[in-house]
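Just so you know, ligand 1 is whichever comes first in the structure, and atom 1 is the first atom listed for that ligand. Heavy atoms only: backbone and side chains are in, while hydrogens, waters and symmetry mates are out.
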Amino acid sequence: MRVDVVTIFPDYLQPLTLSLVGKAVRDGLLDLHVHDLRTWTHDRHRSVDDTPVGGGAGMVMRPDVWGEALDDLVRPDTHILLPSPGGQVLDQALVAALAAEQHLLIACGRYEGIDARVAEHYGNTARLTEVSLGDYVVNGGEVAALVIVEAVGRLLPGVVGNPQSLVEESHVDGLLEYPVYTRPPVWRDLEVPGVLTSGHHAQIARWRRDQSLRRTAARRPDLLSRLDPNALDDADRHVLDTLDTSPPPAVEVPHS
Ligand code: ADE
């Protein structure tokens, strides 16, 4: 897969040279290119923004500069991603769909965003999705680009050494992952659950499944309600029917 990231802060993407994604790039599994948007400016100040038409705070990124950049980088198989708090919220299903693409082009906006005609024009002439990290605001698209490349990159064949670890993790089957333990068997008076040291693989699998269901019900009941009922067996249903469904403790948010 090829991924192009266009940003006014190329150094922000430096972490992608590290760890699994960095290795995937070095191994040729991910063809990653980070570009400075200012490459496509022509004025002395290399300006990428201007004041908002109609007034208001902040600056808006210029469509002419973005247009030149995207025209140079878009191919027939490109899926353009525009990070934006108003976009489709990124989840594992969207990540998996993006991992099947040949070419992602992530256009990182800053300031008050990119002139809306850029999304309109490339939405008409290419495939384009506005993507949100969640219902909060960050300062620009770079942090979203980091998240997207990391989440998509680890699904590319050969990037994660043991593909089984991609199967048994949170959100893959619509549930949160079960708790994991390592040695020592007792730490600060806390014991590893006995079933895990029993050597009984079927019982371990059942215990883990129960823990996944319980955790999801306690922490993310919204996920359970979206689950395909056919994905649950009788034992799963029994676990869910006998749950104590008191809500999890959450950070208190003051009323304004
Ligand atoms: N830019 C600013 N906030 C964002 C968010 N929540 N997701 C993606 N891009 C953003």
Side-chain angles (χ1 to χ4, degrees), residues 1-16 18 21 30 32-38 40 47-67 69-70 73-74 78-101 103-123 126-155 170-171 176 219-220 222-223 226 250-251 253-254 256:
M1 167 187 276
R2 176 172 170 129
V3 177
D4 288 279
V5 181
V6 184
T7 167
I8 57 168
F9 295 120
D11 289 348
Y12 211 115
L13 284 301
Q14 270 298 316
L16 296 178
L18 306 173
V21 173
L30 174 62
L32 177 68
H33 301 262
V34 178
H35 310 268
D36 187 341
L37 176 66
R38 294 188 200 275
W40 285 277
S47 141
V48 293
D49 59 342
D50 206 338
T51 52
V53 178
M59 299 291 273
V60 175
M61 294 189 110
R62 290 166 43 176
D64 53 337
V65 179
W66 272 109
L70 297 180
L73 296 171
V74 168
T78 302
H79 191 152
I80 302 172
L81 302 178
L82 278 186
S84 155
Q88 176 178 345
V89 176
L90 188 70
D91 63 9
Q92 194 62 27
L94 179 54
V95 167
L98 296 177
E101 296 282 357
H103 182 214
L104 299 178
L105 170 44
I106 309 176
C108 302
R110 280 262 150 184
Y111 315 118
E112 297 307 308
I114 302 174
D115 184 302
R117 289 168 294 182
V118 172
E120 188 178 340
H121 172 75
Y122 290 96
R127 283 184 305 140
L128 179 145
T129 304
E130 296 193 40
V131 178
S132 170
L133 289 182
D135 295 340
Y136 48 86
V137 177
V138 295
N139 287 330
E142 288 75 10
V143 67
L146 289 174
V147 170
I148 294 167
V149 175
E150 169 121 358
V152 168
R154 60 194 295 284
L155 296 188
S170 290
H171 301 296
L176 301 184
R219 299 176 183 190
R220 294 291 305 277
D222 58 307
L223 293 181
R226 276 188 261 147
V251 176
V253 179
S256 52

Item to check | Those residues that, when tested against R38, pass salt bridge (charged side-chain N to carboxylate O under 4.0 Å, His left out) (two or more places apart) | outcome: none
Checklist outcome for this item: By side chain to side chain contact (heavy atoms under 4.5 Å, CB included), H33 pairs with (sequence neighbours left out) R2, D4, D31, H35
Item to check | Sequence-distant partners of D115, salt bridge (charged side-chain N to carboxylate O under 4.0 Å, His left out), two or more places apart | outcome: R117
Which N/O atoms of ligand 1 sit under 3.5 Å from a protein N/O, and at what distances?
| from | atom 1 | to | atom 2 | distance (Å) |
| --- | --- | --- | --- | --- |
| ligand 1 | 3 (N) | V138 | N | 3.1 |
| ligand 1 | 6 (N) | G134 | O | 3.3 |
| ligand 1 | 6 (N) | Y136 | O | 2.7 |
| ligand 1 | 7 (N) | L133 | N | 2.8 |
| ligand 1 | 9 (N) | S84 | N | 3.2 |

Checklist entry - Can a donor-acceptor pair be found between the side chains of S47 and R62 at a distance below 3.5 Å? => result yes
Checklist entry - Is the shortest heavy-atom distance from the side chain of V6 to the side chain of L105 under 4.5 Å? => result yes
Checklist outcome for this item: Correct closest heavy-atom pair for A57 and P52 would be O-CG, 3.9 Å
